[in-house]
Amino acid sequence: MSVFELDDHSRTIIHIDLDCFYAQVEMNKNPNFRSVPLGIQQKNIVVTSNYKAREFGIKKCMLIAEAKKLCPNLVLANGEDLHDYRQTSYKVTNLLQKYSHLVERLGLDENFVDVTALINEKLKKSSDVEVVGNISGDSSEKCDCGCTERLTMGTVIAQEIRDLIKNDLNLTTCAGIAHNKLLAKIVGSRHKPDQQTVVFPNSALELMLSLDCLTNIPGIGRTTFEQLESVGIKTIEDLQNGGVKKLEPLLGADKARIIHNFSYGIDKSQVKPTGKPQSIGLEDSCKSISVEKEVRNKLEQLLNRLLLLVAEDGRIPKTIKLTVRKFNKENKVSHRETRQSNINPSLFSNQSANKTKIMTTIMHLFNRIIDVKKPYHITLLGLSFTKFQEPPNLKNSVASFLRRDLEVQSVISIESQNGVDEPESPVPSTSSVELKDVESPSPSPSPKKLKLSNLVTKKRCFEDYYEDCESPSKLKVADLCLESVSCPPDADQDVFKELPLEMQKELWEDYKRRRSAEMNLCSSQVKKPKPNTLLNYFIRNN
DNA sequence: TTGGTGCAG
DNA sequence: TCTTCTGCACCAA
């Protein structure tokens, strides 16, 4: 039996990739950018560009000077602050979650969606569909396990998803459709921009062998590539023929097996729903800082921006981490040093008073890396918060799940009410003020008033998502879940999969009951806020 | 747990 | 010539 026959084709995965993402966001903010070659600038680098600029040969991470030489009329937009990109990115993920609860984010511009459940439902009703978009390789020889029909239906759904993203957010995307993540990601980039491509299992090997460099395989970066090269592995065929045993000493058993499987187009990894970020950080590179006052200034700026991000997130961080990159004469690799320290969560109850205390901690960390009595040259400073504490009353896993959805929605609510072009407003405020606002809203429009209406919008989105299910054309993830045995979002998926069917059903029913109870609770709270409820907690931390 | 490295977009 | 701004996984001590 060949490796190919051992592969499992039961899933359907769609990989969605936003075309030149930062550039699209900037073009939506300023439509004048659409008609000109546009580059997104971070420091002295063009990190991405629109397709007009690419016609001049502008490439990712090209120096500004070089790019200007190729295209003197290149217009530059500063993209050092990722705030707007992050917001838009979450809107996309949010749209995708209407198709499946299995949505995994990869960076800001890519998402995997496991649409297996949706497809099985759709195929029950009709299997009379044709492939939409491009097909990779020769699809005349078909597999008879049913994957042909599933993947074909996958192309229909991929087109629906891309239309939705285009209509709702005015963003074009590429999609790859396949029976695993690896193939979906690789095949999606075959036809760009604004296109989609499917690969059927019989063409998977051909697709893998068509890759022109080993670094096109996810997980093989510069270092791994050089390691492999040093033992004579230079092509996909080398990777296949060398066998796992040859890879193990270099990569370790796990990575060796994964990469070896990848070389055959086999990928058993699951689409892992992306939760909240495990760290929230900012960094700023610079030519050279060698004075402590400058260090402090830069770190204060970073901290101010970071506190806004953390306030948006709503959780309370327990650890702060400082990153420093020193000037390196050999200029070999960008070597970074980090130091971390626990912080008292109570510092986050009153913003302004405690910024000073947090700064003291940060400077203490700085002194652990840099001896300020000696000369130093710093080329990058970064701050990040890690190890977040879930706010009280939300320890319950279902509540956490609900809260996660609300937070994704909140991104949309804030923007739809503020207007996309408006600069971000300084948000953080103390809990007591917010709470008071809800109980007795002020008559004049104010930022606080705005938040109250945000909350109403949040609640509305939330209800739409779960309750507005009367239209059969509007597919909701809740619909699917009610008809099949899904893994409750608060359960460990790996454990769940091992359980007998009956137990799975029971867990799912239990989750539905809890969800229903939670919904009623949440609903009544919105209409009539009470102290120490889920809702109030929300407001306090907004 | 801390800090470093590799990888990703 | 490994550049920017992130965030995650994994490894070693």
Side-chain angles (χ1 to χ4, degrees), chain A residues 15-23 25 39-49 59-67 76-86 89 92 104-112 174 181-182 185-186 188-189 214-228 250-256 258-259 262 269 272 274-287 302 305-306 309 313 318-325 328 330-342 365 368-369 379-388:
Chain A
H15 177 256
I16 298 282
D17 189 346
L18 289 142
D19 301 319
C20 54
F21 180 47
Y22 293 3
V25 172
I40 307 303
Q41 179 175 10
Q42 284 173 347
K43 295 295 178 307
N44 60 338
I45 301 283
V46 178
V47 290
T48 189
S49 60
K59 296 264 166 21
K60 187 179 184 279
C61 290
M62 190 176 256
L63 289 172
I64 298 287
E66 199 183 335
L76 294 169
N78 188 289
E80 284 167 23
D81 187 340
L82 305 187
H83 181 268
D84 292 349
Y85 311 139
R86 195 180 294 115
S89 171
V92 172
E104 180 178 340
R105 290 164 58 78
L106 185 61
L108 291 182
D109 65 340
E110 295 184 25
N111 286 274
F112 291 102
C174 282
K181 286 164 67 179
L182 172 75
K185 180 170 162 61
I186 290 174
S189 63
L214 280 182
T215 53
N216 291 135
I217 294 181
I220 302 184
R222 191 174 56 91
T223 311
T224 311
F225 178 76
E226 282 168 6
Q227 279 180 310
L228 292 171
L250 291 171
L251 312 175
D254 286 349
K255 192 166 177 183
I258 289 168
I259 297 288
F262 275 11
S269 70
K272 194 168 160 269
T274 305
K276 286 164 165 286
Q278 305 190 11
S279 67
I280 300 177
L282 289 172
E283 65 184 36
D284 197 357
S285 65
C286 46
K287 280 247 160 358
L302 286 172
R305 282 173 56 207
L306 192 54
L309 293 178
D313 181 89
K318 290 195 286 189
T319 301
I320 189 158
K321 187 158 84 176
L322 172 72
T323 303
V324 173
R325 184 179 68 195
N328 187 330
E330 284 77 42
N331 207 18
K332 274 183 185 170
V333 273
S334 63
H335 175 72
R336 294 154 123 92
E337 282 184 58
T338 61
R339 295 292 181 276
Q340 66 183 56
S341 157
N342 291 335
L365 292 173
R368 280 170 56 195
I369 301 179
T379 60
L380 178 138
L381 285 170
L383 281 181
S384 67
F385 286 122
T386 54
K387 294 181 196 166
F388 295 95

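Throughout, protein chains are lettered first and strands after them, A, B, ... in sequence-line order, and every chain is numbered starting at 1.
Remark: A:Tyr85 engages A:Tyr22 in a ring pair (Phe, Tyr, Trp, His ring centres under 6.0 Å) (not counting sequence neighbours). With sequence neighbours left out, the salt bridge (charged side-chain N to carboxylate O under 4.0 Å, His left out) criterion links A:Arg105 to no other residue. Residues forming a side chain to side chain donor-acceptor pair (under 3.5 Å) with A:Thr319 (at least two apart in sequence, or on another chain): A:Asn342. A:Leu250 meets the side chain to side chain contact (heavy atoms under 4.5 Å, CB included) test with A:Gln227, A:Leu228, A:Val231; sequence neighbours excluded. With sequence neighbours excluded, the residues that form a salt bridge (charged side-chain N to carboxylate O under 4.0 Å, His left out) with A:Lys43 are A:Glu80, A:Asp284. Applying the ring pair (Phe, Tyr, Trp, His ring centres under 6.0 Å) criterion to A:Phe262, with sequence neighbours excluded, gives no partner residue. By the salt bridge (charged side-chain N to carboxylate O under 4.0 Å, His left out) test, A:Lys185 pairs with A:Glu110, sequence neighbours left out. Residues satisfying the salt bridge (charged side-chain N to carboxylate O under 4.0 Å, His left out) test with A:Glu66, not counting sequence neighbours, are none. Legend: residues meeting ring pair (Phe, Tyr, Trp, His ring centres under 6.0 Å) with A:Phe21, ordered by chain and number and at least two apart, are absent.
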Below 3.5 Å is the cut-off: list the nitrogen or oxygen pairs between protein and nucleotides 11-13 of chain C, distance only.
none

Dump every N/O contact between nucleotides 1-3 of chain B and the protein below 3.5 Å, one line per pair.
{"residue": "B:dT2", "atom": "OP2", "partner": "A:Gln340", "partner atom": "NE2", "Å": "2.5"}
{"residue": "B:dT2", "atom": "OP2", "partner": "A:Lys387", "partner atom": "NZ", "Å": "2.6"}
{"residue": "B:dT2", "atom": "O5'", "partner": "A:Gln340", "partner atom": "NE2", "Å": "3.4"}
{"residue": "B:dG3", "atom": "OP1", "partner": "A:Arg368", "partner atom": "NH2", "Å": "2.7"}
{"residue": "B:dG3", "atom": "OP2", "partner": "A:Gln340", "partner atom": "N", "Å": "2.8"}

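The nearest pair of heavy atoms linking A:Gly281 to A:Ser384 is CA-CB, 3.4 Å.
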Per-nucleotide protein contact string for nucleotides 4-10 of chain C (B base, S sugar-phosphate only, - none; heavy atom under 4.0 Å): BBBSSS-

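Following rounding to the nearest Å, A:Leu182 (CG) and B:dA8 (P) show an atom-to-atom distance of 12 Å. To the nearest angstrom, P of B:dG6 lies 10 Å from NZ of A:Lys255.
Using a 4.0 Å cut-off between charged nitrogen and carboxylate oxygen, A:Glu283 and A:Arg325 do not count as a salt-bridge pair.
Within the 4.0 angstrom heavy-atom criterion, no nucleotide atom of any strand lies near A:Leu383. In this structure, A:Glu226 reaches neither bases nor backbone, as no heavy-atom distance under 4.0 Å exists between it and the strands shown.
Nucleotides B:dT5 and C:dC2, compared at atom C1', are 15 Å apart to the nearest Å.
Between A:Thr223 and B:dT5 there is no side-chain N or O to OP1 or OP2 distance below 4.0 Å. Phosphate proximity of B:dT5 to A:His335: present, with a side-chain N or O under 4.0 Å from OP1 or OP2.
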